[in-house]
Each structure stands twice: as C-alpha cells, then as structure tokens.
Amino acid sequence: MQKFDTLSGIAAPMPLVNIDTDMIIPKVFLKTIKRSGLGVNLFDEMRFDRQGNEIADFVLNQPAYRDASVLVAGDNFGCGSSREHAPWAIADFGIRCVISTSFADIFYSNCFKNGILPIVLPEDQRDALMKDAEKGANARIEVDLDAQTVTSSDGDVYTFDVDSFKKHCLMNGLDDIGLTMEKAASIDTFEAQASADRPWV
Amino acid sequence: MSPKTLYDKIWDAHVAHEADDGTCLLYIDRHLVHEVTSPQAFEGLRMTGRTVRAPDKTIAVPDHNVPTTLDRANAETMTADSRIQVDALDTNAKEFGIHYYPVSDVRQGIVHIVGPEQGWTLPGMTVVCGDSHTATHGAFGALAHGIGTSEVEHVLATQTLIQKKSKNFKVEVTGKLNPGVTAKDITMHVIGETGTAGGTGYVIEYCGEAIRELSMEGRMTVCNMAIEGGARAGLIAPDEKTYAYCKGRPQAPTGADWDKAQAWWETLYSDDNAHWDLELTVDANDIAPSVTWGTSPEDVLPITAVVPDPASFKGGKVDAAKRSIDYMGLTAGQKLTDIEIDTVFIGSCTNGRIEDLRAAAAILKGKKIKDGLRAMIVPGSGLVRAQAEEEGLADIFKDAGFEWRMAGCSMCLAMNPDQLAEGERCASTSNRNFEGRQGYKGRTHLVSPGMAAAAAITGRLTDVRELM
Ligand code: SF4
C-alpha cells in the first residue's frame with residue numbers, strides 16, 4: 001500500500017450531502033476483476049454525459065480542479081454499498097485525502113486500506129475548508145498525518161483525530177494481513193477454545 | 001458482572017486478540033462471498049501465496065450479476081464481463097475448497113437469503129460478507145456486517161477482522177403495527193427518524209413489542225436496512241421464533257449440539273441495566289405504509305403525504321432535496337399518491353422472501369396490473385421460488401401480468417440487464433433509491449411488497465390499505 005505522511009495539493013469542493021458509492025463509481029464498472037484503472041470512471045455519471053463527453057460544470061472537469069488531490073465533501077460521504085471500487089477509483093484518480101463531517105463506516109475503513117486518508121472535522125471547520133477550496137487551484141491545502149493537522153491556504157490550522165493503529169499502518173504503508181498473521185498463535189488458541197465451547201459453529 | 005447488551009455479549013465471545021489501544025481481532029464464524037467483491041481478494045491470496053484459513057466457514061454464491069431470465073442456463077444470456085466474474089467465483093470456490101452454490105443449483109440465490117435459509121446463519125455468530133446488506137443476518141441475533149474487498153481478503157487469510165468496538169444504540173418499537181404496515185415500513189420509518197448517518201458508529205438493537213411480533217422474515221427486512229441508517233449492524237435478540245426457524249435447516253446443529261447451542265442462545269439478550277449510548281423509541285401506531293420520494297433512504301414519508309418543499313430542510317439538505325426532487329421529476333406539494341409509475345420490482349434481500357411474495361400475492365389475487373406497466377418478481381432464492389410455485393403464488397403473479405423470474409439481485413442494483421431506462425419510474429421493494437441505482441437516470445420509490453403490488457394494479461403510488 002502507498003504510504004501517506006504529508007500532502008500538499010489542490011482541494012476540490014463537493015458540498016453535496018450523502019454522496020454515495022453508487023455516485024463515486026457506478027455499478028457498470030464493478031464488473032472488473034482488477035483493482036486498477038478505475039480513476040477514469042470516478043463519479044462517472046456526474047462527470048460524463050451518455051456520449052462520454054465531459055459535463056463542464058462538474059467540479060473535477062473544471063480546469064482548476066483537474067489535478068485535485070483532496071476532496072472537501074458534504075456530510076456522510078461514501079454511504080451505501082461496501083464496494084471498495086469506490087476508494088480504488090478515488091486513489092487511481094489521484095485523490096489521497098477526503099475531508100467531511102462524517103463518513104459511512106465501511107467506506108471509511110476501505111480508505112485506509114488504499115492509502116487514502118479520510119479526515120473528520122466539525123461542520124464549521126469543514127465549511128471553512130470548503131470556502132477555501134472554492135477559491136480554485138491556488139488554494140492548496142496541506143495535510144500532515146503525523147501531526148494530525150490540516151492547514152488551509154490562509155494558514156489556518158485544524159487538528160483532527162485518527163485511530164492510532166490506522167495511522168500507523170497508513171504512515172508505514174503496512175499490509176495488515178501480514179500484521180494479523182503475526183498474531184496467528186492468538187487466533188489458534190481462540191479457535192481451539194471456541195470450537196470446544198461452540199462445536200456447532 | 002456488569003450488565004451487557006446483546007452486542008457486548010457477542011463481541012466478547014469473539015475477541016481473539018486485543019491490543020493496548022483497543023484494536024481487536026474479531027473471530028469470524030461465517031464468511032459469505034459473492035462474485036462482485038471477491039475476485040480481487042482471491043487474487044491477492046494467490047499473489048501472496050496465502051490460503052483460505054477456514055474453508056468450512058466460507059460460503060460462496062453468485063447473485064449480483066447473474067441473469068434472472070428463465071433461459072439463463074444458456075450461456076449466451078450472460079454478458080461477457082458478468083461471465084468473467086461468475087467464472088472467477090467458480091474457479092476460486094473450487095481452488096480454495098469453499099462451500100459453493102452455483103447458478104445451476106436450486107439453492108442459489110441472494111447471499112443474504114441463502115445464508116439463513118441453509119442454516120449457515122445462527123444466533124450469536126459473527127457473520128461478514130463483502131456486501132453492506134450483511135446486516136440482514138442480525139435478525140438472528142448474529143453480529144453481521146458488510147466489509148470491503150481488502151477485508152474480504154483479510155478474513156479469507158486469517159478468519160478474523162481488525163475491529164474497534166462500536167457503540168450501542170437501542171431502537172424500541174412499542175405497541176402493535178396497524179393493518180397494512182409491515183417490517184419494511186418500520187425500518188424505513190426509523191431511517192426517516194435517524195437520517196442516513198444517524199447510526200454511524202453504532203450497532204443498533206431493535207426491540208419492543210412490534211419487533212417481537214415480526215416473523216423471522218420480517219426481522220430480516222428490518223435488520224437489512226440498518227446499514228441505510230449508517231449503522232455498522234442491526235441486531236434482534238433470538239427467541240423461540242428464531243430457534244424454530246433454524247431447527248432442521250441443512251447446516252443447523254442437531255442432537256446434543258443443538259441443545260448446547262440453544263442453551264447458549266438463550267443467554268443472548270441485553271441485560272436490564274445495560275448501558276445504551278443512544279436510544280430511540282418509536283410508537284408502532286405512528287408508522288404508516290411508507291414510501292421514499294427522493295434519492296436517499298432517509299427521504300421517506302407516509303404514503304398519505306405530499307412531496308416536501310426543499311426549503312423546509314436545513315443546511316446541506318436543502319440543496320440535496322432540490323437535487324432529489326429534480327432528479328425524481330417531482331414537484332413540491334404534489335400528492336405522493338398522484339405519482340405515476342411504469343415499473344414495479346418485487347425482490348431483493350430486503351423483500352425477496354416467501355412472506356414478501358405472499359404479501360404481494362394477497363393484493364394481486366384475481367387482479368391485473370395496469371396496462372403497459374412492466375412488473376417483475378424476482379424471488380430471493382431458488383428455494384423461495386420453488387415454494388412460491390408450490391403455494392400457487394407464481395400463478396397469481398403470472399395471471400396478474402408479472403414476469404416470474406429466476407433468483408438473483410436483479411433490478412435491486414441493475415448490474416445484469418434488469419434495469420430501468422432513462423426517466424423510468426419504479427415502485428421497488430429493494431433498499432436503495434440512489435441516483436442511477438436501478439439504471440442510468442432511473443427513478444426509484446422504495447416501498448413494501450404490498451405497496452408495490454398495489455402500485456402495479458393502479459399504475460401510481462397507492463395506499464395499500466385501499467386494496468385490502
Ligand atoms: S439484493 Fe440488492 S442489496 Fe441485496 S445483496 Fe443484492 S444487490 Fe445488494
């Protein structure tokens with residue numbers, strides 16, 4: 001997994017609430033058996049018309065935001081299906097950080113598995129960053145995972161919370177299957193006891 | 001011992017390892033797998049030389065992509081890309097030696113219907129699947145939730161999931177439901193109250209008289225949509241109905257094992273003084289047959305209401321409501337019962353069980369669907385389909401003008417050819433009314449099976465109570 005330590009980039013504003021995973025990556029693109037190459041289909045139905053032409057006023061089609069690496073989003077981002085194709089598409093497009101007031105649970109943990117940092121901030125701070133993002137390409141937002149800070153283009157600093165284990169894995173690009181396998185002895189012990197206690201399982 | 005919730009008890013029984021910061025390895029009793037979210041996980045195992053740790057606890061069934069037409073045995077009915085995923089599941093199931101119900105098997109169906117039906121899902125278990133509606137299995141008092149593909153790979157390799165504990169949310173539905181009001185209406189009504197993010201960070205336990213009175217099918221409908229309220233999982237404490245449903249199922253325990261199991265299951269309830277981080281009480285009397293008007297499951301109203309005015313909302317929801325009403329082609333103030341539909345879909349893991357088909361058949365018996373309307377019934381599994389045929393329900397549907405399909409997810413997410421065309425409007429018993437969910441620019445109104453049947457007859461959203 002790609003490591004995440006600091007990021008300085010253009011932030012695209014997406015104020016719509018409840019952006020769901022069907023919007024992020026419509027199901028027609030779920031037929032792949034690979035993880036890669038989904039960035040071209042990110043937000044497909046909002047981004048392109050039926051003929052495949054770009055819809056000019058969609059934020060990521062505007063010249064200022066084509067190279068965005070941060071999304072500042074409305075409440076409850078990533079709700080809906082568990083499809084990891086959503087973070088795959090986001091990461092493949094080049095977005096490494098999403099800022100909102102809340103994220104759906106499964107999407108939130110999917111992000112960490114794919115080198116994306118989801119940041120939860122209170123509404124007023126998210127709104128301030130949204131305004132900042134609306135300024136366009138010159139408004140670069142800085143994110144520092146180690147310090148747990150987001151800095152706006154005006155130099156306002158906001159701190160955020162992140163689970164220490166998730167932070168550790170993301171900062172070091174760790175494969176958590178490997179980490180869990182180091183605890184195989186605990187799993188073996190648990191399994192033996194559980195199958196004695198609950199043989200029907 | 002300090003009092004515990006049902007969630008606490010199941011959680012505690014499955015922690016295989018706990019780190020100092022509270023990060024746990026939760027042992028997984030049942031891992032359900034389908035064709036869309038698993039290929040990359042199996043590929044990951046291959047690339048790292050890992051195996052499936054507990055193949056006997058891993059069950060695969062193709063459902064999302066499969067055609068539901070009667071001629072689906074013919075390979076040509078499946079599009080090439082769908083076939084690739086179904087073939088990949090075939091290959092992976094065989095190569096890794098996991099339980100498998102292929103398309104040709106009468107037991108095939110939607111993964112969340114097959115699990116309980118075959119007795120894989122039992123009280124007190126931990127159940128995961130690369131699908132958000134895994135919450136369905138919570139109806140058995142099993143801790144069940146959706147996971148992403150990386151987590152699918154993690155569970156395949158280690159039979160555990162890295163988790164931190166969620167908070168406890170009690171939703172009590174007191175009193176009795178009125179005629180025409182169903183489990184679907186309960187669960188939609190609750191989402192209307194909490195909003196789609198209201199459950200984020202919580203596991204919901206549904207309790208109260210109205211929940212206890214529900215059949216197992218109804219309880220599955222309620223828990224199915226817990227995720228639409230943002231919750232990690234929904235739970236209902238097991239009781240006599242649960243045991244009766246499980247007993248005799250192919251994978252359920254027998255003999256002494258059954259007795260031992262039931263003795264443990266009987267301890268699975270929330271203690272009287274257990275701590276709740278959040279509580280909501282709903283009076284069953286206040287729940288009406290419900291319908292969604294917008295593009296989020298929280299956009300729910302009684303069928304007797306009118307399309308709301310976006311200005312009546314707050315914050316970001318004002319624009320979202322405007323966008324929804326525009327997308328749905330409605331006008332504020334319009335009566336919901338004046339909304340004309342052209343498609344009806346009855347099926348999905350929310351409402352594709354036998355009881356749902358019985359409810360629809362009760363309304364449709366001896367009636368015809370509106371001229372020109374497209375209506376389909378897609379049973380949740382091959383066994384539900386067989387039972388509906390045996391009970392004569394299939395004939396009622398066919399006589400009324402419904403298409404009687406093979407089992408699968410179908411128009412719930414429209415990955416196969418069962419889709420809405422641009423601008424088409426559907427009364428659907430599924431669980432998501434997102435933009436484009438049932439087809440590009442398709443419009444979805446979520447309803448109960450009885451409401452869907454009523455809409456099929458009149459060609460507009462209809463209060464099912466008028467046809468009872
Ligand atoms: S029926 Fe719909 S919600 Fe249920 S598993 Fe299939 S696609 Fe998901």
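Here is the naming used below: chain letters follow the sequence lines, and residue numbers restart at 1 for every chain. Heavy-atom basis, side chains included; hydrogens, waters and symmetry copies ignored.
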Handout entry: Any donor-acceptor N/O pair, Lys27(A) side chain to Gly436(B) backbone, under 3.5 Å
Key = yes

Exercise for the section: May I ask you to name which of His145(B), Lys317(B), Glu435(B), Glu153(B) has the most heavy-atom pairs under 4.5 Å with chain A? Expected result: Glu153(B)

Fill in the blank from the handout: Distance col, row Trp200(A):CH2 vs Asp259(B):CG, nearest 0.5 angstrom, shows 10.5 Å

Practice task
Tell me, for Val152(B) versus chain A, whether the close heavy atoms (under 4.5 Å) come from the side chain, the backbone, both or neither.
Solution key: neither

Practice task
Counting only heavy atoms closer than 4.5 Å, note whether Gln40(B) contacts chain A via side chain, backbone, both or neither.
Solution key: both

Exercise for the section: Verify the neighbour count for atom CG of Asp124(A): are there more than 12 heavy atoms of other residues, nucleotides or ligands below 6.0 Å? Expected result: yes

Practice task
Side chain from CB out, backbone as N, CA, C, O: work out which of these in Phe107(A) comes under 4.5 Å of a heavy atom of chain B, or both, or neither.
Solution key: neither

Problem - Segment of Ile106(A) engaging chain B (4.5 angstrom heavy-atom cut-off) - result: side chain

Handout entry: Region of Thr196(B) in contact with chain A, defined by heavy-atom distances below 4.5 Å
Key = both

Handout entry: Separation between CZ of Arg83(A) and OG1 of Thr37(B), rounded to the nearest 0.5 Å
Key = 10.5 Å

Practice task
Name the region of Met125(B), side chain, backbone, both or neither, that has any atom closer than 4.5 Å to a heavy atom of chain A.
Solution key: side chain

Completion exercise
OG1 of Thr180(A) to NE2 of His17(B), rounded to nearest 0.5 Å, is 9.5 Å

Exercise for the section: Tell me, for Thr158(B) versus chain A, whether the close heavy atoms (under 4.5 Å) come from the side chain, the backbone, both or neither. Expected result: both

Exercise for the section: Output the option from Trp264(B), Phe42(B), Trp120(B), Tyr440(B) having the highest count of non-hydrogen pairs under 4.5 Å with chain A. Expected result: Tyr440(B)

Handout entry: Under-4.0 Å salt bridge between Asp163(A) and Lys164(B)
Key = yes

Handout entry: Structural part of Thr149(B) lying under 4.5 Å from a heavy atom of chain A
Key = both

Problem - Pairing of Arg437(B) and Glu45(A) as salt bridge, 4.0 angstrom limit - result: no

Practice task
Go through the atoms of Leu25(B) and report whether side chain, backbone, both or neither lie under 4.5 Å from a heavy atom of chain A.
Solution key: side chain

Fill in the blank from the handout: Value for OG (Ser132(B)) from CG (Asp105(A)), rounded to nearest 0.5 Å, stands at 11.0 Å

Handout entry: Region of Thr21(A) that comes under 4.5 Å of a non-hydrogen atom in chain B
Key = neither

Practice task
Answer yes or no: is there a donor N or O on one side and an acceptor on the other, between the side chain of Glu84(A) and the main chain of Ser150(B), under 3.5 Å?
Solution key: yes

Practice task
Answer yes when Arg53(B) and Asp188(A) have at least one side-chain N-carboxylate O distance shorter than 4.0 Å, and no when they do not.
Solution key: yes

Completion exercise
Note: vs chain A, highest number of non-hydrogen pairs under 4.5 angstrom among Thr160(B), Asp56(B), Ile162(B) is Ile162(B)

Completion exercise
Bottom line for Arg35(A): the part with an atom under 4.5 Å from chain B's heavy atoms is both

Completion exercise
So, the part of Leu16(A) with a heavy atom under 4.5 Å from chain B: the answer is side chain

Practice task
With the side chain counted from C-beta on, respond yes when Thr295(B) and Asp20(A) share a heavy-atom pair under 4.5 Å apart, and no when they do not.
Solution key: no

Practice task
Can you tell which part of Thr134(B) gets under 4.5 Å to a heavy atom of chain A, answering side chain, backbone, both or neither?
Solution key: neither

Problem - Under 4.5 Å from any heavy atom of chain A - which part of Ala231(B) - result: neither

Fill in the blank from the handout: When the 4.5 angstrom heavy-atom criterion is applied to Asn65(B) and chain A, the contacting part is side chain

Problem - pair Lys31(A)-Ile84(B): side-chain heavy atoms closer than 4.5 Å - result: no

Exercise for the section: Could you label the plane-to-plane angle of the His14(B) and Phe190(A) rings as parallel, tilted or perpendicular, counting under 30° as parallel and over 60° as perpendicular? Expected result: tilted

Completion exercise
The interface call for Glu35(B) against chain A, heavy-atom contacts under 4.5 Å, is neither

Problem - pair Arg50(B)-Met181(A): side-chain heavy atoms closer than 4.5 Å - result: yes

Handout entry: Region of Asn18(A) that comes under 4.5 Å of a non-hydrogen atom in chain B
Key = side chain

Handout entry: chain A contacts, top residue of Ala320(B), Gly148(B), Ser38(B), Pro297(B) (heavy-atom pairs, under 4.5 Å)
Key = Gly148(B)

Handout entry: Contact origin within Ala19(B) toward chain A - heavy atom pairs under 4.5 Å
Key = neither

Practice task
Please step through side-chain contact (heavy atoms from CB on, under 4.5 Å) for the pair Gln85(B) and Ile33(A), ending with a clear verdict.
Solution key: CA-CA 7 Å; Gln85(B) 285 192 329; Ile33(A) 55 169; 3.8 Å; yes

Handout entry: Arg30(B) side chain vs Val201(A) backbone, donor-acceptor pair below 3.5 Å
Key = yes

Exercise for the section: Verify whether one side chain among Ser82(A) and Asp131(B) offers a donor that lies under 3.5 Å from an acceptor in the other. Expected result: no

Problem - Under 4.5 Å from a heavy atom of chain A, the part of Glu298(B) involved - result: side chain

Problem - Options Lys34(A), Glu191(A), Met23(A), ranked by heavy-atom pairs under 4.5 Å with chain B, top entry - result: Glu191(A)

Practice task
Go through the atoms of Asp29(B) and report whether side chain, backbone, both or neither lie under 4.5 Å from a heavy atom of chain A.
Solution key: both

Problem - Test applied, side-chain contact (heavy atoms from CB on, under 4.5 Å); reference residue, His154(B); option that passes from Asp175(A), Leu179(A), Ile177(A) - result: Ile177(A)

